[in-house]
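All values reported here derive from a predicted model rather than from experimental measurement. Computed from heavy atoms alone, side chains included, the values below leave out hydrogens, waters and symmetry copies.
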Amino acid sequence: MANSLAGSSRPLFCCFPYNYTKSQHSSSAIHVTSSAVPMPSQHPSFEILGGASHRFLPFLPYLARPYSPFPFIAWNRHFETIFASFFRSLPDVTLRRECLRTQDGGTVTLDWVSGDDKRLPLHSPLLILLPGLTGGSGDSYVRHMLVRARKNGWRVVVFNSRGCGDSPVTTPQFYSASFLGDMREVVSHVTARYPNANVYAVGWSLGANILVRYLGQESDNSPLSGAVSLCNPFNLVVADEDFRKGFNNVYDKALSKALCKIFKKHASLFEDMGGEYNIPLAANAKSVRDFDDGLTRVSFGFKSVDDYYSNSSSSDSIKHVQTPLLCIQAANDPIAPNRGIPREDIKENPNCLLVVTPKGGHLGWIAGDEAPLGAPWTDPLVMEFIQHLENTAKSPKSSSDPEQKEALHHVES
């Protein structure tokens, strides 16, 4: 759920082969062949499970290497989380912003890499990035993934939710863990604009929760060809319980401060809100729970904060996911508790694979070749997974250049 410390510009926080087929607008089909493909040895430093283990593990050699946390920095989960927030490098990327007006009059922003329309063919694979709570395209973990995918020839767009990443707020409603309307419209928009491209998505923290809920609700109808969920809180009731304990109060206060800052920039939109809204509580929230109680749960029709958390958890969606999905979690994540991971549902879903690292904190993962200041350990694994899906797609899009379409009214910014 967490993303950045308030006031910081940096982020907080045995096998058989298969031929995988997933057209952008069709459900998946698996064709098993009889020839054997050797399984890379899974390193014992990971917990790996899932109904899709046999499908994907042979093609993820990165997991044959040990997970080696960077000395000293990773000794404590809170220290690793905060270090990554403040000291991870921020790649310099020039972005082109597109503002999309949604059906309810709200606004979200899409940040594309400048020049990619001229540099990349229209059928290049497209990756949508969903940052964590209050996060956006300016966060280092987002930028590192963007740069890596772009170097591999992918078109990348960052989906900044309402009020995040300096997105304007044009209606008296923010986004939430429960609301999938904006996600549907963004996916519809980018798939219509690039109809010959396979589209994938990567989400972090609250963005991962939204992504997995979207995949579950869309099920066979999802136009995405693959997805990755990172540090997903999964069970928001469990996450809320832990969020209010011990040192986690530091993250809670930082995030509530960031939420209040966004809210106060657009407070005039909420002046005449009546009913159960508690605008003073939201404006001066001392915790994320306060903000959700005063504003979020009322905006989206929930009777209480607990009702909102219970009915917005992506753990309930895993069983319905029909899109290839890689979930990466850290066992010591202070914000996305290990005990909240829906392991049994992941085991039973033939489309899901779970990788749990022994350490990593929240949005940390300071390990691997680029530690301590470079990209998170997860980035090469994410790239390996989605590139494999793209390479093995048996229904490649046409390389012709049809007229590009717009699915939504958009406002130039």
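Between W377 and Y67, the ring planes are perpendicular. Angles over 60° get that label, and only those under 30° would be called parallel. Under the 30°/60° scheme for interplanar angles, the aromatic rings of F87 and F83 are found to be tilted. By the 30° and 60° cut-offs, the orientation of the rings of H78 relative to Y251 is tilted.
A pairwise comparison of heavy atoms in G360 and A330 identifies CA-CB, 3.9 Å as the closest pair. Closest of all the heavy-atom pairs between Y175 and C164 is CE2-SG, 3.4 Å. Residues A371 and F70 come closest through the heavy atom pair CB-CD1, 3.8 Å. Taking every heavy atom of both residues into account, L269 and T171 meet most closely at CD1-O, 3.8 Å. Taking all atoms of both residues into account, the shortest heavy-atom contact from G340 to F234 is O-CB, 3.5 Å. Taking both residues in full, the closest heavy atoms of V142 and G136 are given as CG2-O, 3.8 Å, listed atom of the first, atom of the second, then distance.
At a cut-off of 3.5 Å, with distance as the only test, a side-chain donor of E98 or H189 sits close to an acceptor on the other residue. Side-chain atoms of S304 and D306 form no donor-acceptor pair, as typed in the model, at a separation below 3.5 Å. Checked by atom type, the side-chain pair S178/S176 shows a donor-acceptor distance below 3.5 Å. Residues D379 and H144 have side chains that never bring a donor and an acceptor to within less than 3.5 angstrom of each other. Between the side chains of S229 and N232, a donor-acceptor pair is found at a separation under 3.5 Å. Between the side chains of D345 and N349, no donor-acceptor pair is found at a separation under 3.5 Å. Counted by atom type alone, R343 and N338 present one or more donor-acceptor pairs between their side chains at under 3.5 Å. Between the side chains of H266 and T170, no donor-acceptor pair of N or O atoms lies under 3.5 Å. Side-chain atoms of T94 and S114 include no donor-acceptor pair closer than 3.5 Å. Between Q387 and N391, the side chains place a donor N or O and an acceptor N or O closer than 3.5 Å (distance only, hydrogens not considered). There is no side-chain donor-acceptor pair under 3.5 Å between Y308 and D293. Between the side chains of W365 and E80, no donor-acceptor pair is found at a separation under 3.5 Å.
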Apply the test side chain to side chain contact (heavy atoms under 4.5 Å, CB included) to residues W154 and Y200: give CA-CA distance (whole Å), side-chain angles for both, the deciding distance (0.1 Å), then the verdict.
-> CA-CA 10 Å; W154 287 58; Y200 304 79; 3.2 Å; yes
Intermediate values then yes/no, side chain to side chain contact (heavy atoms under 4.5 Å, CB included), I128 and V190 = CA-CA 9 Å; I128 303 171; V190 300; 3.6 Å; yes
Take V157 and L129 through the side chain to side chain contact (heavy atoms under 4.5 Å, CB included) test and state the conclusion after the steps.
-> CA-CA 6 Å; V157 60; L129 303 182; over 6 Å; no
Would T134 and L259 satisfy side chain to side chain contact (heavy atoms under 4.5 Å, CB included), going step by step from the backbone distance to the final call?
-> CA-CA 7 Å; T134 75; L259 287 168; 3.6 Å; yes
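By the 4.5 Å heavy-atom criterion applied to side chains, L354 and I48 are not counted as neighbours. Within the 4.5 Å cutoff, the side chain of E218 has no heavy atoms near those of the L224 side chain. Contact of the Q217 side chain with the R184 side chain is registered, since non-hydrogen atoms from C-beta on lie closer than 4.5 Å. Residues L325 and I318 meet the side-chain proximity criterion, which asks for heavy atoms closer than 4.5 Å. Contact annotation: the side chain of M145 never approaches that of V158 to less than 4.5 Å [non-hydrogen atoms, C-beta and beyond]. Side-chain contact check for T107 versus R162: every heavy-atom pair is 4.5 Å or farther apart. With a 4.5 Å cut-off on side-chain heavy atoms, P324 and L326 do not count as touching. Here the side chains of Y309 and D292 are in contact, with some heavy-atom distance below 4.5 Å.
The pair D139-R88 fails the salt-bridge criterion, with no side-chain N (NZ, NE, NH1 or NH2) lying under 4.0 Å from an Asp/Glu carboxylate O. The pair D111-R96 does not meet the salt-bridge criterion, since no charged nitrogen lies less than 4.0 angstrom from a carboxylate oxygen. Look at D333 and R77 and you find no salt bridge, because none of the NZ, NE, NH1 or NH2 atoms lies under 4.0 Å from a carboxylate O. Classification of E241 and R339 as a salt-bridged pair holds, one side-chain N sitting under 4.0 Å from a carboxylate O. One finds a salt bridge joining D116 and R119 here, because a Lys/Arg side-chain nitrogen approaches an Asp/Glu carboxylate oxygen to under 4.0 Å. Ion pairing of E370 with R148 is present here, as a side-chain N (NZ or NE/NH1/NH2) and a carboxylate O approach within less than 4.0 Å. Ionic pairing of K245 and D252 is not present here: no N-O contact between side-chain nitrogen and carboxylate oxygen is shorter than 4.0 angstrom.
If you take CG on L130 and CG on L211, they are separated by 6.0 Å, rounding to the nearest 0.5 Å. Remark: Q42 CD to S53 OG distance equals 7.5 Å, nearest 0.5 Å. Remark: F59 CZ to F385 CZ distance equals 12.0 Å, nearest 0.5 Å. Note that the CZ atom of R297 and the OG atom of S312 stand 12.5 Å from one another [nearest 0.5 Å]. For the atom pair CG of L230 and OG1 of T378, the computed distance is 5.0 Å after rounding to the nearest 0.5 Å. Once rounded to the nearest 0.5 Å, the distance linking NZ of K286 with CG of N284 reads 6.5 Å.
With R213 as the partner, the side-chain contact (heavy atoms from CB on, under 4.5 Å) test is satisfied by one option alone out of I210, L215, N209: N209. When each of F291, F179, F300 is checked for a side-chain contact (heavy atoms from CB on, under 4.5 Å) with F174, only F291 meets the rule.
Counting only distance, with no hydrogens or angles, the side chain of T191 and the backbone of P195 share no donor-acceptor pair below 3.5 Å. When atom types are taken as modelled, the side chain of N160 and the backbone of L110 share no donor-acceptor pair closer than 3.5 angstrom. A distance-only check finds no donor-acceptor pair linking the side chain of N351 to the backbone of T323 [under 3.5 Å]. With hydrogens and angles disregarded, a donor-acceptor distance shorter than 3.5 Å links the side chain of D307 to the backbone of K303. Distance alone, capped at 3.5 Å, is enough to place a donor-acceptor pair between the S124 side chain and the P121 backbone.
Heavy atoms of other residues, nucleotides or ligands lying less than 6.0 angstrom from NZ of K151 number 12 at most. The number of heavy-atom neighbours closer than 6.0 Å to CG of D166, taken from other residues, nucleotides and ligands shown, is 12 or below.
In this structure, R155 satisfies the cation-pi test against Y194, with its NZ or CZ atom closer than 6.0 Å to the six-membered ring centre and inside 45 degrees of the ring normal.
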